[in-house]
Amino acid sequence: MVNSKGYIGEIFASNREIRNDWTNGSEGNEDFEWDSDDEATTGDVVPSSESLACPPGEGCETGPSRSAMVCHFMGMGFSEDMIMKAIKENGEENSEAILEALLTYMSIGTSPSEYDSIPRDLSVLSNKDEAHDNPYDRVASVDEELFEDFPAEDRKLLILVEMGFPTNDASAAIARCGPNASILELADSIHAAQLANKLDDNLGVSTVSSLVEDERQSNCPRGAESRFAEVTRSKRRCTSTEDEDSVISFSKPMVGFSLPNQRMYMVPRKISEAAIGPPYFYYENVALAPKGVWETMSRFLYDIKPEFVDSKYFCAAVRKRGYIHNLPIHNRFPVLPIPPRTIHEVFPATKKWWPSWDLRKQFNCLLTCISSSRLTERIRRELVQYDDPPPLQVRQFVLNECRRWNLIWVGQHKVAPLEPDELEILLGYPRNHTRGGGMSRTERYRSLGNSFQVDTVAYHLSTLKNLFPDGLKVLSLFSGIGGAEVALHRLGVHMKVVVSVEISKVNRDILRSWWQETGQSGMLIQFVDVQELNPHKMEHLVNRFGGFDLVIGGSPCNNLTGSNRYTRIGLEGIHSSLFFDYWRILDLVKCLMGRTS
DNA sequence: TCTAAGATGATGTCCCAT
DNA sequence: ATGGGACATCATCTTAGA
């Protein structure tokens, strides 16, 4: 199915193959500029200027003088000068060596001019003190020169404290190991001391310290009580005769392995042989699921511990989610432009009406339903009775409802729920992504409330960009409105193939129309139900495309979320049990790819 | 038959006072 | 340690009206 302009596209629905109408222009796309490259030539596709993650004002014009390689790295935030230098030294073929060189330039940062060219948004830089392969020295510290004025010993103490170690433990370790000890040695020393203390504390007690358990399970050095690093704790009941269950809890704050532009030590993680790709996979669901759910999902997904991240660090709305994945976690970078992280910055017009006593800076989690008009009217009626500020009781009532329903101030005494297009902005989708195409207003709210926060997911997926310069073959389960696809596109990652599964017709239509509008030259294949993907069909798909590079999806949270008052019954629920289809299909792909490779 | 509005808590976590 | 209050949460069900 190749149209006259070289576009390849197919749609399968259920077991019936649906011919894609747009390939012959029947949906009024005559004025659309199709990419003239066919699939075979899209490996070195130059991403569109929209898709490239270029800093604002440093638009990445893909002119004749600037190669795709340069644009590619500029998209990561490196300056053109640095990139040219790196290419000159390493040759244009070896993108990995170029990236290494660019990171090295940054870590050296010898001249002011070089400092000027440090990417503002690169998340992970290397510590100047330590060798690059030291896991503890992966520190994102654009302003680490803050420590430069201190003597070496004090600097190490500060770094250790910054890592989250107690000051006493840090200085004791320096005393033990001597002033010449590396950060890694010091961290290990603290870790060992803490371990010993915990063992002492727990002698004769029925619980063993989580630290011990971490040590046993991961068999890798840990950043102990890091305030920043994601740490999952396991507890074990020694008295239990049956299978001891472990408990996963989130770190505070919920930042995952790393955040863009934060000083943060990367915790080394070790994943089991069975978990290692290909394919890479990425699974998402609500962080605040009933107890035991994440433990179960983790167990099925090859014992990888979830990375819990709150999207409030990426946009102006809270969104606490857990992600189980086997992606590399070093050298992540965010998509640009970096979205605003406060309500006033995202919606400046509301500032005029925002009362001083409403101190919200960010929205709560964007849900699938909105408040009733009766509530906003009741709030207005309450407020008009009083001067500003109203009595405490009224303030409390209004603030509670504003927080509960994410209301914004749109006039004197007037609050309103967020509009669908405002949700699109907050979640990182193109404007009008869910508009039209048969979507009702209610359906827009539902689909957006159920979707990925694109900036968050893109940050995690960013490491794939260098691994797959020719593009990715993606299996996208529970695609929804295409959060994964939008994230990859915004990263400038080419999608050679996307096999997408989505039960909702309007959502499938949205993804398909976005696929067209953004001029994707890859192939989109859509299925309706994950349960259609039986071993036979999966074998066919894997053989046809030579496997998948990424299996991505977030299964329904309906039976897990706290918003559900009726059927919050965990993974047994009719919707959330679809997690097991995610696992089944992923495992199938792994088996098939293992067999064919 | 469809859409939208309106009414409907429980389960956790965190914090602070005791 | 512990108890109580504050707070947040990718939703579902019933009903009214077009």
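Convention: sequence-line order gives letters A, B, ...; per-chain numbering from 1.
Checking the phosphate oxygens (OP1, OP2) of B/dA4, no side-chain nitrogen or oxygen of A/Arg441 falls inside 4.0 Å. Of the side-chain N and O atoms in A/Ser373, one or more sit less than 4.0 angstrom from OP1 or OP2 of B/dG6. A close approach under 4.0 Å does not occur between any side-chain nitrogen or oxygen of A/Asn564 and OP1 or OP2 of C/dT9. When the side-chain nitrogen and oxygen atoms of A/Ser563 are compared with OP1 and OP2 of C/dA11, one or more of them lie within a distance under 4.0 Å. For A/Ser451 and C/dC10, the shortest distance from a side-chain N or O to OP1 or OP2 is not below 4.0 Å. For C/dA11, the OP1/OP2 oxygens have no side-chain nitrogen or oxygen of A/Thr567 closer than 4.0 Å.
Rounded to a whole Å, the CG atom of A/Leu399 is 9 Å from the P atom of C/dC7. Atom CD of A/Gln453 is separated from atom P of C/dC10 by 14 Å (rounded to the nearest Å). As rounded to whole Å, 11 Å separates atom P of C/dA11 from atom CZ of A/Arg568. One can place CZ of A/Phe308 at 20 Å from P of C/dA8, the figure rounded to the nearest angstrom. For A/Met254 and B/dT13, the CE to C1' distance is 10 Å, given to the nearest whole Å. Atom CH2 in A/Trp294 sits roughly 11 Å away from atom P in C/dC10 (whole-Å rounding). To the nearest angstrom, P of C/dA11 lies 12 Å from CG of A/Leu448. In this structure, NZ of A/Lys312 is placed 10 Å from P of C/dT9, rounded to the nearest angstrom.
Residue-to-nucleotide proximity on DNA chain B shows that, of A/Thr561 and A/Pro290, the 5′-proximal contact is made by A/Thr561. Projected onto DNA chain C by closest heavy-atom contact, A/Leu288 and A/Tyr566 fall at different nucleotides, the more 5' of which corresponds to A/Leu288. Between A/Leu375 and A/Ala289, the residue whose closest nucleotide on DNA chain B is further toward the 5' end is A/Leu375.
The gap from the C1' atom of B/dG9 to that of C/dC7 amounts to 14 Å, rounded to the nearest Å.
For A/Asn558, counting side-chain heavy atoms from C-beta on, the closest listed nucleotide (B/dT8, C/dC10, C/dT12) is C/dT12. Checking C/dC10, B/dG9, C/dT12 against the side-chain heavy atoms of A/His575 singles out C/dT12 as nearest. Minimum atom distance to the side chain of A/Val318 is reached by C/dT9, of the listed C/dT9, C/dT12, B/dA4.
Within 4.0 Å (heavy atoms only), A/Arg374 reaches sugar-phosphate atoms of the nucleic acid but no base atom. Within the 4.0 angstrom heavy-atom criterion, no nucleotide atom of any strand lies near A/Ser311. A/Arg403 comes within 4.0 angstrom of sugar-phosphate atoms only, judged by non-hydrogen atoms across all strands, and of no base. Heavy atoms of A/Cys365 sit under 4.0 angstrom from primed sugar atoms or phosphate atoms, though from no base atom.
Judged by distance alone, the side chain of A/Glu502 and the main-chain N or O of A/Gly480 form a donor-acceptor pair under 3.5 Å.
Each of A/Val506, A/Ile510, A/Asn507 was scored for a side chain to side chain contact (heavy atoms under 4.5 Å, CB included) with A/Thr434, with one residue passing: A/Ile510. Just one residue in the list A/Thr376, A/Ile370, A/Leu375 forms a side chain to side chain contact (heavy atoms under 4.5 Å, CB included) with A/Ser372, and that residue is A/Leu375.
Ring geometry for A/Phe363 versus A/Phe347: interplanar angle of 30 to 60°, hence tilted.
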Intra- and inter-strand pairing of DNA chain C, written as dot-bracket with Watson-Crick and G-U pairs under 3.5 Å and | for the latter, reads |||||||||.||||||||

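At a cut-off of 3.5 Å, with distance as the only test, a side-chain donor of A/Thr567 or A/Asn564 sits close to an acceptor on the other residue. Remark: the A/Thr342 side chain and the A/Glu345 side chain contain an N/O donor-acceptor pair separated by less than 3.5 Å.
Judged by distance alone, with hydrogens and angles left aside, A/Arg321 brings a side-chain donor or acceptor within reach of the base of C/dC10, the pair sitting under 3.5 Å. No donor-acceptor contact under 3.5 Å links the side chain of A/Arg446 to the base of C/dC10.
Aromatic ring centres of A/Tyr283 and A/His325 lie farther apart than the 6.0 Å criterion allows. Aromatic rings from A/Trp514 and A/His489 are positioned such that their centres are separated by under 6.0 Å.
Remark: A/Lys590 is positioned above the aromatic ring of A/Tyr302, its terminal NZ or CZ atom under 6.0 angstrom from the ring centre and at most 45 degrees off the axis.
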